[in-house]
K.L.:
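Pasting in a structure now, in structure tokens, and then I'll have a few things to ask.
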Amino acid sequence: METAIIKIGNSKGLRLSKTILEKYNIKDKVELILETGQIILKPIETPRKNWEIAFKKMNSENDDELLMNDVFNEENFDEWN
């Protein structure tokens, strides 16, 4: 598909049709991937999508232990009061 580059203020941009936006579920942002000889626009999925499921699975497999000690264990918070 060929499309025109349009002027947007001091920059230039690419206008995507409503059909393309809907077909690829593009909302407000896309990931821009620069590869040799090409530019790829990739829809950004919902941040932290399916994290709840992953956390439940980790817990059921006892794989949700801290990887490092709590950095505030030895902190004296009295001085902050």
K.L.:
Sequence neighbours excluded and cut-off under 3.5 Å, please list the side-chain donor-acceptor pairs for residues 14-34, or say none.
P.N.:
residue : atom : partner : partner atom : Å
Ser17   : OG   : Ile20   : N            : 3.3
Asn25   : OD1  : Lys27   : NZ           : 3.2

K.L.:
Excluding sequence neighbours, so at least two apart, what forms side chain to side chain donor-acceptor pair (under 3.5 Å) with Lys56?
P.N.:
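In terms of side chain to side chain donor-acceptor pair (under 3.5 Å), with neighbours along the sequence ignored, Lys56 is linked to Glu52.
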K.L.:
Could you list the cluster mates of Leu67? Members are the ILVMFWY residues connected by side-chain heavy atoms closer than 4.5 Å, either directly or through other members.
P.N.:
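Via sub-4.5 Å side-chain contacts, Leu67 links to none.
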K.L.:
With sequence neighbours excluded, tell me which residues meet side chain to side chain donor-acceptor pair (under 3.5 Å) with Gln38.
P.N.:
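Only Glu35 meet the side chain to side chain donor-acceptor pair (under 3.5 Å) criterion with Gln38.
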K.L.:
Pairs under 3.5 angstrom only: tabulate donor-acceptor contacts from the side chains of residues 3-10 to other protein residues two or more places apart or in another chain.
P.N.:
residue : atom : partner : partner atom : Å
Lys7    : NZ   : Gly9    : O            : 2.8

K.L.:
Which residue pairs pass the ring-ring contact (aromatic ring centres under 6.0 Å, His included) test when at least one of the two sits in residues 34-54, sequence neighbours left out?
P.N.:
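Listed by first then second residue: Trp51-Phe55.
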